[in-house]
Amino acid sequence: MKVKNPFLYSNDNKRYHTWNYYLKNRFHEKVFKVPLNANFSCPNRDGTAGYGGCTFCGSMGSGECAGDIQDDMRTQFEKGLQMMRKKWPHGKAIAYFQAYTNTYADLDTLKAHFDPFIENEEVLALAIATRADCLEDEKIAYLSSLTKKKEIWIELGLQSIHNETAKRINRGHTFETFLDCVHRLQNTGIKICVHLINNLPYETQEMMIASAKKIGELPVHAIKIHMLHLMEKTTMAFEYQQHPFPIMDRDTYVDTIIKQLEVLPKEMIIQRLTGDGIKEHLIAPLWTLKKVVVLNEIDKELARRNTWQGKALVSL
């Protein structure tokens with residue numbers, strides 16, 4: 001006998017609050033992200049916060065799937081829009097500033113990059129990937145003013161709540177800096193999405209679950225979680241070659257994700273449970289390349305355990 005899906009925020013039998021569910025109910029049409037590379041830098045590369053960047057980060061600053069830096073922003077967007085509309089001819093776009101730290105510049109520079117997309121009728125929202133140490137009050141005030149015209153998402157790369165991990169991966173700021181940023185963003189109209197990475201070196205499953213649980217307790221609208229991608233020519237890859245650390249298999253990852261989902265409130269949007277590692281440069285784990293398989297395994301295991309997002313919070 002088929003078990004009825006007990007999860008409220010679903011229209012496709014998922015047991016977690018998917019990004020697709022949110023977009024369909026928010027905009028009532030197909031919406032997709034168009035990733036962009038605005039040629040920003042990062043304070044963790046130029047010496048402001050540190051040198052070399054986070055140890056897992058490659059030369060493209062987590063923007064391997066973003067637009068071509070040789071194109072201007074308008075051209076990048078138009079190319080990305082055309083590509084996405086091959087699949088969804090009438091879809092609308094979120095302009096996604098993906099590569100590097102997209103608020104690491106003076107206010108005039110930010111306005112020059114963001115304002116044209118606010119005025120673009122093809123754009124329903126902006127998503128801006130950045131760091132907690134690059135959102136001064138004047139920038140937050142400006143971004144908050146944009147929410148009167150378009151939905152604005154700030155994507156904060158945190159990766160882990162544990163300061164010992166942050167130091168190990170050369171993150172360049174502490175969890176306390178992140179908390180301060182979240183509380184300054186609170187009540188501005190800006191929506192917050194937090195990025196976490198599972199299987200950072202020497203973190204236990206309990207530490208990963210604790211990261212998810214803590215984010216669920218904060219005034220945050222969405223979360224992205226993905227498995228660590230050990231990429232060629234990164235500092236972490238070099239460290240791994242010298243001193244290998246344990247890498248999760250797929251079943252352990254699925255188990256970890258389910259336990260993280262259980263401690264996240266049901267209202268929190270799950271923007272991602274897998275990630276994209278460029279096949280030619282991915283050292284490990286290779287099972288992450290089969291994203292659909294990973295997501296299907298998560299769905300099947302949620303159903304087998306008869307569990308869902310937020311279930312562990314019900315009895316608290």
Side-chain angles (χ1 to χ4, degrees), residues 6-10 14-22 54 56 62 129 131-132 153-166 168-169 171 173-179 181-183 185-186 191-229 246-275 285 288 291 294-295 297-299 301-302 305-316:
F7 190 67
L8 176 64
Y9 297 96
S10 176
K14 294 284 188 179
R15 289 173 174 243
Y16 55 93
H17 193 153
T18 67
W19 180 230
N20 190 53
Y21 177 88
Y22 169 78
C54 299
F56 60 79
S62 299
R131 292 165 52 97
W153 281 87
I154 286 293
E155 299 199 10
L156 289 175
L158 175 63
Q159 321 316 346
S160 171
I161 68 167
H162 305 287
N163 282 337
E164 63 267 37
T165 299
R168 186 179 294 122
I169 65 174
R171 183 64 194 159
H173 69 70
T174 63
F175 180 55
E176 289 71 26
T177 299
F178 166 83
L179 287 176
C181 181
V182 168
H183 289 304
L185 287 167
Q186 187 179 4
K191 295 190 179 296
I192 308 168
C193 177
V194 177
H195 293 207
L196 294 180
I197 296 178
N198 282 340
N199 203 174
L200 290 169
Y202 307 107
E203 282 209 345
T204 64
Q205 185 185 66
E206 289 72 23
M207 292 171 73
M208 299 172 216
I209 296 167
S211 285
K213 189 173 189 299
K214 183 60 181 179
I215 298 308
E217 295 169 352
L218 297 175
V220 167
H221 303 84
I223 192 169
K224 285 184 174 182
I225 307 175
H226 74 79
M227 176 65 184
L228 172 69
H229 293 135
I247 299 289
M248 282 183 181
D249 60 27
R250 189 184 69 193
D251 289 346
T252 305
Y253 181 75
V254 169
D255 179 63
T256 303
I257 285 290
I258 289 172
K259 290 173 179 175
Q260 289 174 314
L261 288 172
E262 287 175 332
V263 298
L264 290 170
K266 62 183 183 297
E267 297 83 7
M268 181 169 284
I269 303 157
I270 310 300
Q271 286 201 18
R272 182 178 69 188
L273 292 177
T274 59
T288 60
K291 292 176 59 176
V294 176
L295 291 172
E297 289 301 313
I298 292 169
D299 290 342
E301 190 63 14
L302 284 166
R305 300 185 192 185
N306 192 27
T307 191
W308 53 86
Q309 181 181 339
K311 186 177 183 181
L313 303 177
V314 174
S315 59
L316 298 181

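Values in this document were obtained by computation on a predicted structure and should not be read as measured data. FYI, the numbering just counts along the sequence from 1.
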Legend entry - Steps toward side chain to side chain contact (heavy atoms under 4.5 Å, CB included) verdict (I269, Y21): CA-CA 9 Å; I269 303 157; Y21 177 88; over 6 Å; no

Legend entry - NE2 on H173 to SG on C181, rounded to 0.5 Å: 8.5 Å

Legend entry - Sidechain-backbone polar pair: Q309 side chain, M268 backbone, donor-acceptor under 3.5 Å: yes

Inset, instruction - Kindly indicate whether the side chain of E217, heavy atoms from C-beta on, has any atom under 4.5 Å from the side chain of K213. - result: yes

Inset, instruction - If a pair satisfies side chain to side chain donor-acceptor pair (under 3.5 Å) and one of its residues is in residues 264-273, list it, with sequence neighbours excluded. - result: K33-Q271

Inset, instruction - For D249, enumerate each residue passing the salt bridge (Lys or Arg N to Asp or Glu O under 4.0 Å) test, keeping only those at least two apart in sequence or located in another chain. - result: none

Legend entry - Whether Y9 and H17 hold their rings parallel, tilted or perpendicular, with breakpoints at 30° and 60°: parallel

Inset, instruction - Any chance you could measure H162, atom NE2, to M207, atom CE, to the nearest 0.5 Å? - result: 4.0 Å

Inset, instruction - Could you tell me whether the side chain of I197 reaches within less than 4.5 Å of the side chain of F56, counting heavy atoms only? - result: yes

Inset, instruction - Please check if the side chain of S10 supplies one atom and the backbone of F7 the other of a donor-acceptor pair under 3.5 Å. - result: no

Inset, instruction - Report the distance from atom CD1 of I225 to atom CD1 of I215, rounding to the nearest 0.5 Å. - result: 9.5 Å

Inset, instruction - Give a yes or no on whether a salt bridge exists between D299 and R15, defined as a side-chain N under 4.0 angstrom from a carboxylate O. - result: no

Legend entry - Exercise: identify the closest heavy-atom pair between V182 and P219: CG1-CG, 3.8 Å

Inset, instruction - Begin with the C-alpha distance, continue with both residues' side-chain angles, and end with the deciding distance and a verdict on side chain to side chain contact (heavy atoms under 4.5 Å, CB included) for T307 and I258. - result: CA-CA 8 Å; T307 191; I258 289 172; 3.8 Å; yes

Legend entry - Spatial distance of atom CD1 (I209) from atom OG1 (T256) [nearest 0.5 Å]: 6.5 Å

Inset, instruction - Could you tell me the separation between the CG atom of L261 and the CG atom of L302, rounded to the nearest 0.5 Å? - result: 6.0 Å

Legend entry - Check: N199 side chain, T204 main-chain N or O, donor-acceptor pair, under 3.5 Å: no

Inset, instruction - Write down the atom of T177, the atom of A132, and the distance for their closest heavy-atom approach. - result: O-CB, 4.0 Å

Legend entry - Ion pair check, R305 and D255, cut-off under 4.0 Å: yes

Inset, instruction - Measure the acute angle between the ring planes of F175 and F178, then classify it against the limits of 30° and 60° as parallel, tilted or perpendicular. - result: parallel

Inset, instruction - Answer yes or no: is there a donor N or O on one side and an acceptor on the other, between the side chain of H221 and the main chain of I192, under 3.5 Å? - result: yes

Inset, instruction - Provide the closest heavy-atom pair for P285 versus I247 in the form atom of the first, atom of the second, distance. - result: CB-CG2, 3.9 Å

Inset, instruction - Without swapping roles, check the side chain of T252 against the backbone of M248 for a donor-acceptor pair under 3.5 Å. - result: no

Inset, instruction - Kindly state each residue pair satisfying ring pair (Phe, Tyr, Trp, His ring centres under 6.0 Å) with at least one member in residues 246-268, sequence neighbours excluded. - result: Y253-W287

Inset, instruction - Find out whether L218 and L179 are in side-chain contact, i.e. whether some heavy atom of one side chain is under 4.5 Å from a heavy atom of the other. - result: yes

Legend entry - Whether R168 side chain and P201 backbone form a donor-acceptor pair below 3.5 Å: yes

Legend entry - Sole residue of L264, L158, V194 in side chain to side chain contact (heavy atoms under 4.5 Å, CB included) with V220: V194

Inset, instruction - Measure across H229 and G275 and return the closest heavy-atom pair with its distance rounded to 0.1 Å. - result: CE1-C, 3.5 Å

Legend entry - Donor-acceptor contact present, side-chain Q260 to main-chain M208, <3.5 Å: yes

Legend entry - Side chains of T165 and Q159, donor plus acceptor under 3.5 Å: no

Legend entry - Between CG on residue L200 and CE on residue M227, distance to nearest 0.5 Å: 9.5 Å

Legend entry - Considering all heavy atoms, the nearest L196-S160 contact: CD2-N, 4.0 Å

Inset, instruction - Check the side chains of E203 and N198 for a donor-acceptor pair under 3.5 angstrom, ignoring hydrogens and angles. - result: no

